[in-house]
Each structure stands twice: as C-alpha cells, then as structure tokens.
Amino acid sequence: MLRLSTCSSLRYFYLLLAVTLLQTSGNFRVMSSVVALGAHVICSRIPGLTARQRDMCRQAPDAMVAVGDGVKLGVMECQEQFRNRRWNCSAIGSGNVFGHVVVVGSREAAFTYAVSSAGVAFAVTAACSRGNISACGCDPSHKARKELAPSGWKWGGCSADVGYGMRFARRFLDAREIEGDTRSLMNLHNNKAGRKAVKVSLLTECKCHGVSGSCTMKTCWKTLPPFRKIGDNLMRKYSRARPVVALSGGGRRVGKKLHLMLKKPPPRGQQPPTPLRAPRRSDLVYLEESPNYCERDLSTGSLGTVGRQCNRTSKGTDGCDLMCCGRGYNTHQYTRTWQCHCKFHWCCYVNCDTCSERTEEYTCK
Ligand SMILES: *[C@@H]1O[C@H](CO)[C@@H](O)[C@H](O)[C@H]1NC(C)=O
Ligand SMILES: *[C@@H]1O[C@H](CO)[C@@H](O)[C@H](O)[C@H]1NC(C)=O
Ligand SMILES: *[C@@H]1O[C@H](CO)[C@@H](O)[C@H](O)[C@H]1NC(C)=O
C-alpha cells in the first residue's frame with residue numbers, strides 16, 4: 001500500500017512541477033539571474049524532482065527556466081484545445097484537484113503528457129536559438145551540411161536545434177517514469193510522440209540575396225512554427241489515439257520486459273486472428289477508456305459539467321445536448337452594452353452612442 005502511494009506521487013510529480021513553476025514563475029525568473037549563485041539551493045527547493053532531475057537542474061539551471069516555460073505552454077495549449085469539451089484540461093494547473101486528471105490512463109492523460117513534453121522540447125529549443133541557454137545555440141548540423149543543399153541555396157542563419165530540445169525534454173521528463181510498469185510505458189510513449197510532433201513541425205525559412213532581390217542566392221534555416229500548429233497536430237493524434245496493452249515477451253521479442261502492443265481489433269465476423277503489432281511511435285496511446293466526464297468523480301479525474309457554459313444551437317461538443325449530458329440547461333438573460341456609432345469630431349473628441357442588446361447565456365444543470 002505504501003509502495004503504491006509512493007509510486008503515484010512520483011508519477012504525478014512533473015505535473016506538480018508544472019504547478020510549482022506556474023505558481024512561482026515570477027520568482028523563478030528573478031531567480032534565474034542569480035542562478036549562478038543559487039542553482040544548488042533552487043534545484044533542491046523544487047519539490048518532487050528525482051535525483052537525476054536535480055542533477056540536470058544543477059548542471060543547466062538556465063534550461064530550467066525554459067522547462068518551466070514549456071510546461072506552461074503545454075498547459076495553456078491543452079486548455080485552449082479543450083475549452084469546448086467536457087474535459088477541458090482545467091484541473092491541470094489548478095492546485096487541489098491536480099493529479100486526479102491523469103489518474104486514469106486515458107486518452108486525455110495521453111494528450112496531457114504529449115503536449116507537456118512537446119512544450120518542454122519546444123521551449124528549450126526556442127531558448128537555445130535566443131541564446132538563453134549556455135549549453136546550446138543554433139543547430140550545428142545545418143552548417144556542416146552546406147554542400148548537401150541543392151544548388152542555388154545554402155543553409156545559413158540560425159537553425160533551431162530541435163535535437164537539443166528533444167534530448168533535454170527526454171532526459172528531464174522521462175527521468176520521472178521509473179516504475180517500469182504499464183502506466184510508465186504509456187507515459188514514455190506519449191512523451192516521445194509529443195517530442196516527435198515538435199520535430200516534424202519544423203519549417204524552412206529562406207531569405208533571398210542578389211541584385212535587387214533577384215534571388216540568385218538563397219539562405220535557408222530551420223525554424224519553429226507557432227506552438228498552436230503542434231497543438232493542432234497533437235489534437236488530431238488525440239482523436240486517433242490507439243488503445244494498447246502491455247505484454248512481456250510476445251511478438252518477436254524475448255525476455256520479460258514489458259512493452260506496449262496495440263489491442264486486438266474487436267472480432268468482426270470470421271476475420272483470421274491478426275498478430276499483435278506495436279503502436280507507431282508518433283501515435284498517442286492509452287490503456288483505459290475515458291470516463292464520460294458528465295458527473296463529478298475525482299477518482300477518475302472528472303470534474304463534471306454542472307455549471308459549464310454551452311451553446312444552445314451548436315451540434316458540436318460545446319452544444320448544450322452533448323455538454324450537459326442530457327440533463328438540460330439553465331438560461332440566463334442579461335443585457336450586453338457597448339460603445340457604438342463612434343464619431344470623431346475635429347478637433348479633438350470622439351462621440352459615441354451606447355448600444356445594448358438582450359442576450360442569453362446557457363449553463364448546464
Ligand atoms: C532570455 O529570455 C528572456 C525572455 O524569456 C529575454 O527577455 C532575454 O532577452 C533573453 N536573453 C537573451 C540573451 O536572449
Ligand atoms: C472547465 O471545467 C470546469 C468544471 O467542469 C469549470 O469549473 C471551468 O470553469 C472550466 N473552464 C473553462 C475555461 O471553461
Ligand atoms: C453557437 O453555435 C453556433 C453554431 O455552431 C455558432 O454560429 C455561434 O457563433 C455559437 N455561439 C457562441 C456564443 O459561441
């Protein structure tokens with residue numbers, strides 16, 4: 001029993017770290033300037049770090065600021081992507097209910113891990129390009145490969161060193177998954193899928209040189225897209241997430257080590273049995289079906305939808321039918337007022353009318 005609770009508290013530590021960093025992000029920034037003096041102290045103050053993470057923190061305290069930024073980026077993206085859904089990612093990043101959200105090895109947990117790991121890889125890479133981390137900078141491999149570029153252009157400028165960002169995110173976040181059980185395997189897989197989503201998102205930007213922009217010569221470099229692009233991509237992966245089981249041995253592998261395999265598709269007619277396959281590395285995977293998130297049940301990470309705003313006319317996930325799980329909704333009428341028909345008078349004042357409109361808002365019963 002004791003072991004169990006220790007394990008689960010370890011499991012949630014990086015989300016705890018997220019909250020810690022979110023809540024102290026102000027201090028954290030200030031601290032980063034005195035990092036040289038105080039890395040030892042700061043790194044021992046962040047709760048829940050494993051010994052390896054504490055070492056990484058001491059070795060690269062400037063990267064820890066980027067880790068904090070990255071986790072925050074991930075949480076904000078999660079909340080934006082899910083704002084119109086029953087599960088809206090809000091429990092992540094709010095102190096008390098935190099952790100409950102990912103108790104179940106669901107698709108939502110898969111997304112949470114992937115988007116946080118993507119956030120960290122992204123923020124560390126971006127900080128490298130800005131020169132904010134002493135151990136990294138621009139991607140050196142895009143300088144060395146000059147001659148590989150097709151004629152007419154060459155690599156130049158500062159290419160994002162996504163390799164460094166991904167390695168840092170892997171070493172830092174994966175260091176938490178030390179249980180070696182089924183759920184750790186799921187988390188590790190989704191962490192990796194998140195990092196890969198950053199890698200495939202890189203864009204190539206170019207600049208023309210030559211007489212009056214004739215573009216006889218181009219310089220190109222790799223750059224990060226807005227994080228939203230990566231969030232959108234992970235959202236598509238979320239909707240296609242694959243159920244998995246953990247097996248030891250099996251397939252062509254030997255030994256007792258656990259690994260994840262796609263769950264057999266449900267038998268349809270007389271299909272011959274298909275051998276189990278490993279999930280693709282870029283896929284999100286989950287172990288358990290999600291609760292429907294209609295009722296409040298913290299043991300499954302469901303906050304319920306009572307009181308949530310819904311859209312009466314929408315047929316989507318924000319529509320009152322789906323959002324309120326058939327319980328119905330309350331209608332609140334109110335008057336919205338705003339400034340309108342503004343006219344500019346010479347010189348110098350603006351005259352506006354006040355417009356108003358009766359409007360309604362709907363919340364789930
Ligand atoms: C480091 O990052 C901060 C913001 O995150 C920025 O204000 C600062 O200019 C950066 N430093 C360098 C050297 O780029
Ligand atoms: C998310 O859902 C919870 C409970 O269901 C609610 O309290 C919160 O306000 C919601 N957040 C947003 C941004 O709608
Ligand atoms: C509600 O949904 C409809 C149809 O999807 C949409 O046109 C409308 O803008 C939505 N209203 C609000 C307040 O989001």
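Computed from heavy atoms alone, side chains included, the values below leave out hydrogens, waters and symmetry copies. Whatever order the structure lists them in is the order used to number ligands and atoms, beginning at 1. The chain is numbered in sequence order, starting from 1.
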Open item on the list: I'd like to know whether Asp232 forms a salt bridge (Lys or Arg N to Asp or Glu O under 4.0 Å) with Lys237, so could you lay out the CA-CA distance, the side-chain angles of the two residues, the decisive distance to 0.1 Å, and finally the verdict.
Closed with: CA-CA 9 Å; Asp232 290 345; Lys237 292 182 187 300; over 6 Å; no
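With a heavy-atom cut-off of 4.0 Å, Arg308 touches ligand 2 through its side chain alone.
The aromatic rings of Phe344 and Trp346 stand perpendicular to each other, their planes meeting at an angle above 60°, with 30° marking the opposite boundary.
For a disulfide, the SG atoms of both cysteines must be under 2.5 angstrom apart; this fails for Cys364 and Cys325. A distance below 2.5 Å between sulfur gamma atoms is met by Cys340 and Cys355.
Using a 3.5 Å distance cut-off with no hydrogens or angles, the side chains of Tyr286 and Glu288 do not pair a donor with an acceptor.
In terms of polar-atom proximity, defined here as any N/O pair under 3.5 Å, Leu303 makes no such contact with ligand 2.
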Distances under 3.5 Å, N/O of ligand 3 against N/O of the protein: list each pair and its distance.
{"from": "ligand 3", "atom 1": "2 (O)", "to": "Asn311", "atom 2": "OD1", "distance (Å)": "3.2"}
{"from": "ligand 3", "atom 1": "2 (O)", "to": "Asn311", "atom 2": "ND2", "distance (Å)": "2.3"}
{"from": "ligand 3", "atom 1": "11 (N)", "to": "Asn311", "atom 2": "ND2", "distance (Å)": "2.8"}
{"from": "ligand 3", "atom 1": "14 (O)", "to": "Asn311", "atom 2": "ND2", "distance (Å)": "3.4"}

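Close approach to Asn88 involves these atoms of ligand 2, each under 4.0 Å from a residue heavy atom: 1 (C), 2 (O), 3 (C), 8 (C), 10 (C), 11 (N), 12 (C), 14 (O).
Checked against Val285 for a side chain to side chain contact (heavy atoms under 4.5 Å, CB included), the options Asn187, Leu262, Asn190 give a single hit: Asn190.
Between Asp174 and Arg195, at least one side-chain N (NZ, or NE/NH1/NH2) sits under 4.0 Å from a carboxylate O, which counts as a salt bridge.
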